[in-house]
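Just below is one structure, and these are the notes that go with it.
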Amino acid sequence: MAVSARVCTATGQEMRITEGSRLVFGRGPEVDLAVAAGRGLSRRAGIVTALAAGAWITNVSRTHALYVEGEGYRIRLPRLEDGGEPVGGWLLHSGTALVGSRAMLDEGFPLEVTVIGQRAEEGASTAPQPDGEGTILPLYLDPMTKLFLVALLWCRPWLLDPSATTPLPRTPEIARGALQVTGAYHELERFETDADFRDLLSARVAEHIKVLRRKIGDRGLASSDVRLSDEVAVRILIEHGIITSADLGRLADPVWRSRQEDLWWTES
C-alpha cells in the first residue's frame with residue numbers, strides 16, 4: 001500500500017497528500033494549508049512530504065522554531081539555512097504527531113499529521129537516512145543509556161523551572177541523583193561519608209558530562225567560540241528538544257529505572 005498523509009488543523013480543516021507529493025503550511029496566503037496561529041509561526045513555516053517510509057516533516061522558516069510532538073518526545077526542528085534546504089527533520093513512520101510553534105502545542109492548537117498507509121516491502125524509503133530512532137536530529141540520546149540519565153538529571157531543574165533561575169546540579173549532586181533514581185539507597189550513606197566513593201562516582205558523571213559537551217560541539221549546536229558552560233549546554237539540550245519535560249516521567253517509570261539500575265550497578 002502506498003503511503004499517504006493526512007494533515008488537520010485545530011479548526012477541523014483537513015488535507016491529504018499522496019506518496020511523492022508535499023504540503024506547505026504556515027500563516028501566509030502563499031501556502032497549501034493556512035494555519036490560524038500567532039506570530040510564533042512563520043508565514044511559510046513547514047513542509048509535510050509523503051514518502052515511502054512515512055511523513056517527512058521539515059521546518060522551512062529562517063526565523064521561527066517549529067516543533068514535532070508525540071508520545072514521550074518534543075523535538076525542535078532545525079531552521080532553514082542560507083542554502084535554502086532544511087538541514088534536518090522528523091520522519092514519522094506511522095501514527096500521528098502534533099506539529100506547530102511552541103505556543104500552538106502548549107495551548108492545544110497544533111496541526112495533526114497522520115500517516116495513513118504503509119508499504120508492504122521494507123527498505124523502500126527515499127527519505128534521508130534516519131539517525132537512530134527514525135529521525136534526523138541535531139543530537140539523539142538513547143534513553144536506555146547512562147548518558148541519558150546524566151543529561152536528564154543535569155537538565156531537570158530547568159525542565160521544572162522554565163525561568164531557568166534554579167541552580168543546576170554539579171557532578172556530585174548528579175551522582176547522588178543517580179543513586180536515588182536507581183534505588184541504590186544502601187549506597188547513599190556511603191556516598192555521604194566515604195570521600196573516595198563519592199569522588200569515584202562523581203568522576204564517572206564528569207566523564208558523561210564531557211561526552212555531552214563533545215557531542216554538542218561535534219553536531220555544531222554551539223559556535224566554536226562559545227564556552228560550553230553548564231548553563232549553555234543545558235539550554236542547548238532543552239531548546240533542541242534533546243531532553244524534554246516529557247522525559248521527567250521516566251523518573252517514575254519502574255521499568256526504565258530498573259534498566260538504569262542494571263546499567264549503573266549490575267553491569268559495572
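Only this structure's heavy atoms are used, side chains among them; waters, hydrogens and symmetry mates stay out. We're numbering straight along the sequence, starting at 1. All figures in this text were calculated on a predicted structure; none of them were measured in a lab.
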One should read off an interatomic distance between Met104 CE and Thr9 OG1, to the nearest 0.5 angstrom, of 9.0 Å
message: Under 4.0 Å between a side-chain nitrogen and a carboxylate oxygen: does that hold for Arg250 and Asp253?
response: no
Indicate yes or no: at least one non-hydrogen side-chain atom of Val68 is less than 4.5 angstrom from one of Leu98. no
Would you tell me whether Ser61 and Asn59 have side-chain atoms, one donor and one acceptor, within less than 3.5 Å of each other?
no
Requested in this report: Flag the pair Arg190 and Glu187 as a salt bridge only when some basic side-chain nitrogen lies within less than 4.0 angstrom of an acidic carboxylate oxygen.
Outcome: yes
Notebook entry, point to check: Counting heavy atoms not belonging to Glu30, are there more than 12 under 6.0 Å from its CD?
Noted result: yes
Rounded to the nearest 0.5 angstrom, the CZ-NE2 distance for Phe148 and His208 is 13.5 Å
Report yes if the side chains of Arg76 and Arg102 come closer than 4.5 Å at any heavy-atom pair, otherwise no. no
In this structure, OG of Ser94 is separated from CD1 of Ile116 (nearest 0.5 Å) by 11.5 Å
Contacts satisfying side-chain hydrogen bond (donor to acceptor under 3.5 Å, both in side chains) that involve residues 43-52 (not counting sequence neighbours) are none
Exercise for review: Could you tell me whether the side chain of Trp158 and the main chain of Thr166 form a donor-acceptor pair under 3.5 Å?
Suggested key: yes
Requested in this report: Could you check if a side-chain atom of Leu237 sits within less than 4.5 angstrom of a side-chain atom of Cys155, using non-hydrogen atoms only?
Outcome: yes
Practice task
Answer yes when Arg259 and Glu261 have at least one side-chain N-carboxylate O distance shorter than 4.0 Å, and no when they do not.
Solution key: no
### Query
Within a strict 4.5 Å, meaning less than it, do heavy atoms of the Val31 and Phe25 side chains meet?
no
Side-chain H-bond candidate by donor/acceptor type, Thr165 with Asp161, under 3.5 Å: yes
Donor-acceptor pairs are to be reported for all side-chain atoms of residues 225-232 against protein atoms at under 3.5 Å, with residues two or more places apart or in another chain.
residue	atom	partner	partner atom	Å
Ser229	OG	Val232	N	3.3
Asp230	OD1	Arg213	NH2	2.3
Asp230	OD2	Arg170	NH1	2.4

field: Side chain to side chain, Thr96 and Val115, heavy atoms closer than 4.5 Å
entry: no
What one should report as the nearest heavy-atom pair of Pro169 and Trp154 is CD-O, 3.7 Å
Of all heavy-atom pairs linking Leu51 and Glu19, the shortest is C-CG, 3.9 Å
Closest non-hydrogen contact found for Leu212 with Ala151 is CD1-CB, 3.8 Å
Here the gap from Arg204 atom CZ to Asp199 atom CG, rounded to the nearest 0.5 Å, amounts to 12.5 Å
Here the pair of heavy atoms bringing Ile236 nearest to Ile242 is O-CD1, 4.3 Å
Min side-chain heavy-atom separation Ile209-Ile174 under 4.5 Å: yes
For Pro254, does its backbone N or O pair with a side-chain atom of Ser258 as donor and acceptor, under 3.5 Å?
-> no
- Query: Within the side chain of Gln260, is there an N or O that forms a donor-acceptor pair under 3.5 Å with the backbone of Thr145?
  - Reply: yes
In this structure, CH2 of Trp264 is separated from CG of Leu179 (nearest 0.5 Å) by 8.5 Å
Minimal heavy-atom distance between Ala55 and Val113, with the atoms involved, is CB-CG1, 4.0 Å
Any donor-acceptor pair under 3.5 Å from Ser202 side chain to Arg198 backbone = yes
So CG of Leu149 and CZ of Arg156: to nearest 0.5 Å the spacing works out to 9.0 Å
Any donor-acceptor pair under 3.5 Å from Arg257 side chain to Leu251 backbone
yes
Of Asp247, Thr244, Leu152, the one forming a side chain to side chain contact (heavy atoms under 4.5 Å, CB included) with Leu159 is Leu152
Scanning both residues in full, the closest heavy-atom pair of Gly40 with His64 reads O-CD2, 3.3 Å
Excluding Val255, membership of its hydrophobic cluster (Ile, Leu, Val, Met, Phe, Trp, Tyr; side-chain heavy atoms within less than 4.5 Å) reads none
- Determine whether more than 12 heavy atoms belonging to other residues, nucleotides or ligands lie under 6.0 Å from atom CZ of Arg22. no
Q. Below 4.0 angstrom, N of the basic side chain to O of the carboxylate: do Glu112 and Arg6 qualify?
A. no
- Quick one: do Glu173 and Arg176 make a salt bridge, cutoff under 4.0 Å? no
